[in-house]
There are 2 protein chains.
Amino acid sequence: MGRIKTENNSSRKDVIIKKAAELFKEKGFKAASMRELAEVVGVEAASLYNHIRSKSELLHLICFNVANRYTLMMDEVEAEKTTSLQKVEKLLRFLIGGMVHNFEEVYVCDREWKYLTEPYLSNFQAQRRGYRKRFAAIIEDGIKKKEIKKIDSTTAVLIMLHAISGIESWHRSKQKINGKELEENMITILVGGLRK
Amino acid sequence: MGRIKTENNSSRKDVIIKKAAELFKEKGFKAASMRELAEVVGVEAASLYNHIRSKSELLHLICFNVANRYTLMMDEVEAEKTTSLQKVEKLLRFLIGGMVHNFEEVYVCDREWKYLTEPYLSNFQAQRRGYRKRFAAIIEDGIKKKEIKKIDSTTAVLIMLHAISGIESWHRSKQKINGKELEENMITILVGGLRK
DNA sequence: CTTTTGTACTAACATTTGTTAGCGTAAATT
DNA sequence: AATTTACGCTAACAAATGTTAGTACAAAAG
C-alpha cells in the first residue's frame, strides 16, 4: 500500500490521531474499529501498531490535547484584570472557536471521554471538575460584584458548556450561518442571560 | 433463574426496556452488551429474545418514546394563544422536567440515536428536524413581535436544546440543587438571554 | 385435571473485535 | 555502498458480540 503520507512536519502518528478523531466523531469510539481506521489512513490494521500502543491511547491523546488547551486558557483568563463578564465572554469565545475550528477533536473529547481507561479516566475527570469549578468561581465573583444576576453558578456553567457543545448541530446543518456570526449570536444569548 | 419480575401492570418487555435505557445511558449503546443487559434483568441473554426482536429494537423503542412525547407537547404549545416567550418557556420547562424525571430515556435518545438502523434512523432525524423548525418558528415569531432580541433563531434553538441536555452533569454532580431550583435557574438564564 | 401457552434454560453459531508475531523491503544513516 | 532502522505486509490469536435452535417446565386457560 505504501507509507502513510505526512504533510508539513507532522509525524505519521499525528496523521493517525487526526483520522482517529474524525472516525471516533462519526461512529463513536466503541463502534469505530481499528480496521476502519486503518482503511481511512490507507494501511492495514496491524500497521497502525508501529505507531501507536493501542486504540485507547488514541482516545486519551485526543482528550488530553483538548483538556490541556482549555486549562491553559483558564490560567490565562484568571490572570487578567478584567470584569467577570469579560472573563466569561473570553472563555466562551475560546470554547466556541475551538468547537468551530477543531471540531472533531473537541467533539470526541466531549462525548467519548467515558471510554478512557484508568488512570487517564480519573485524571481527566479531575481536570474537568477543576475547570468547571474555576469557571463557576468567576461567575460567583461576578454575582458578588453585582455584574451578574443572582443565579446558581454551577447551573450557569453547565448551561454554557453544553450550549457550546451544541455547535455539533451547527456543523451538521445545511444552511449554516458563518462561524463569526454564530459566535456573536451565542455570546448575545448566553452573556445576555447572565447580565443583570 | 426464575421469571422476570414485573410490577404494576407493566409487561416483562417494559422491564427490559427500562433496564436497557439505564444500561445504554451508563455504557453507551455499542458498549452495552446483551449479556450485561440480561444480568441486570436477572436472566440469561438468550431469554431476552422471548420478549424483544433485537438489540436495536430496544434503542428505537426508547428513542421514539421520547421523540413522540416531544412532538405531542409541541402540538399542544403551538395551539395555545400565548406570547412567544411564554411558549418558549413552556417548552423549556417540559424539556427540563423530562430530563430531570425521565433521565435515562431522554439521555439515551439524545446521545445514542445515531445507532438507530434504517428506516428508523431517517424517521427519527426527520422528526427531530421538524421539532427544531417549529421551535425556531416560535422564536422568529417572537422577534417579529419584538418580544425577543434580533438573533438567529436556529442558533437559539441549538443553544437551548443542548443546554438542557447538559442536565446530565447535574445528575452526576454531588451537591445537587433541587430539581425545581434548577429549572428556575435555567429559565432565568435562557429566557433572560432571549428577552429584548 | 389436561392442554396450551409463555418463558427460561443450555449450547452453539458466525462475525467482529483489538492485538501480536514474524517477515520483507524501502528509507535513512553511516 | 553497506548497514541499520522504520514501517508495511500476511496470518493468526483469543475474546466478545448478537442471535438462533431446541428443550424443559411453570403458569394460565379450558
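In what follows, chains carry the letters A, B, and so on, assigned in the order in which the sequence lines appear, proteins first and then strands, with residues in each chain numbered from 1.
Across the protein-nucleic acid pair, B:Leu37 atom CG and D:dA16 atom P stand 18 Å apart, rounded to whole Å. For B:Ile16 and C:dG6, the CD1 to C1' distance is 13 Å, given to the nearest whole Å. Computed from coordinates, the B:Phe29 CZ to D:dT17 P distance equals 13 Å when rounded to whole Å. To the nearest angstrom, C1' of D:dT17 lies 11 Å from NZ of A:Lys30. Distance, B:Glu36 CD to D:dA15 P: 18 Å, rounded to whole Å. Whole-Å rounding puts the B:Glu44 CD to D:dG18 P distance at 14 Å. Nucleotide D:dT10 holds its P atom 13 Å from the CG atom of A:Leu48, rounded to whole Å.
Looking at A:Asn50 and A:Ser47, their side chains never bring a donor and an acceptor atom within 3.5 Å of each other. With 3.5 Å as the limit, one finds no donor-acceptor pair spanning the side chains of B:Arg111 and B:Ser165. A donor-acceptor pair shorter than 3.5 Å cannot be found between the side chains of B:Asn123 and B:Glu118.
Within residues 107-119 of chain B, no residue approaches DNA chain C, by heavy-atom distance under 4.0 Å. In the region residues 51-61 of chain A, proximity to DNA chain C at under 4.0 angstrom, judged on heavy atoms, holds for A:Ser54, A:Lys55.
Distances shorter than 4.0 Å separate none of the side-chain N or O atoms of A:Ser47 from OP1 or OP2 on D:dC7.
For the pair A:Thr188 and A:Glu183, the minimum side-chain heavy-atom distance is 4.5 Å or more. Annotation: side chain of A:Lys90 is in contact with side chain of A:Glu80 (closest heavy-atom distance under 4.5 Å).
Note: B:Tyr131 and B:Tyr70 have tilted aromatic rings, judged against thresholds of 30 and 60 degrees for the angle between ring planes.
DNA chain C contains the following stems of three or more consecutive Watson-Crick or G-U pairs, with both distances under 3.5 Å: C:1-30 with D:1-30.
The base of C:dA8 lies close enough to the side chain of B:Asn50 for a donor and an acceptor atom to sit less than 3.5 Å apart.
Residue B:Arg3 places its side chain closer to D:dA27 than to any other of D:dG18, C:dA26, D:dA27. With distances taken from any side-chain atom of B:Tyr49 to the nucleotides C:dA11, D:dG8, D:dG18, the minimum falls on D:dG18. The listed nucleotides are D:dG18, C:dT19, D:dT10; the one nearest the side chain of A:Met34 is C:dT19.
The residue among B:Arg12 and B:Ala46 whose nearest nucleotide of DNA chain C is located toward the 5' end is B:Arg12.
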Tell me, with the steps shown, if A:Thr71 and A:Asn68 meet side chain to side chain donor-acceptor pair (under 3.5 Å). CA-CA 5 Å; A:Thr71 302; A:Asn68 292 337; 5.2 Å; no
For a side-chain contact (heavy atoms from CB on, under 4.5 Å) check, start with the C-alpha distance between B:Arg132 and B:Thr154, then their side-chain angles and the critical distance, and finish with the verdict. CA-CA 8 Å; B:Arg132 289 178 184 200; B:Thr154 309; over 6 Å; no
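Of the possible donor and acceptor atoms, one in the side chain of B:Glu112 sits under 3.5 Å from a partner among the backbone N and O of B:Phe29.
Among the atoms of the strands shown, base atoms are found under 4.0 Å from some heavy atom of B:Arg35. Within the nucleic acid shown, B:Ala32 comes within 4.0 Å of sugar-phosphate atoms alone, with no base atom in reach, counting heavy atoms only.
Looking at A:Gln86, A:Lys87, A:Arg93 one by one, the single match for side chain to side chain donor-acceptor pair (under 3.5 Å) with A:Glu89 turns out to be A:Arg93. No option in B:Phe24, B:Tyr120, B:Tyr115, B:Trp113 other than B:Tyr120 meets the ring-ring contact (aromatic ring centres under 6.0 Å, His included) test with B:His60.
With respect to A:Glu105 and A:Arg69, a salt bridge is recorded, a charged nitrogen being found less than 4.0 Å from a carboxylate O.
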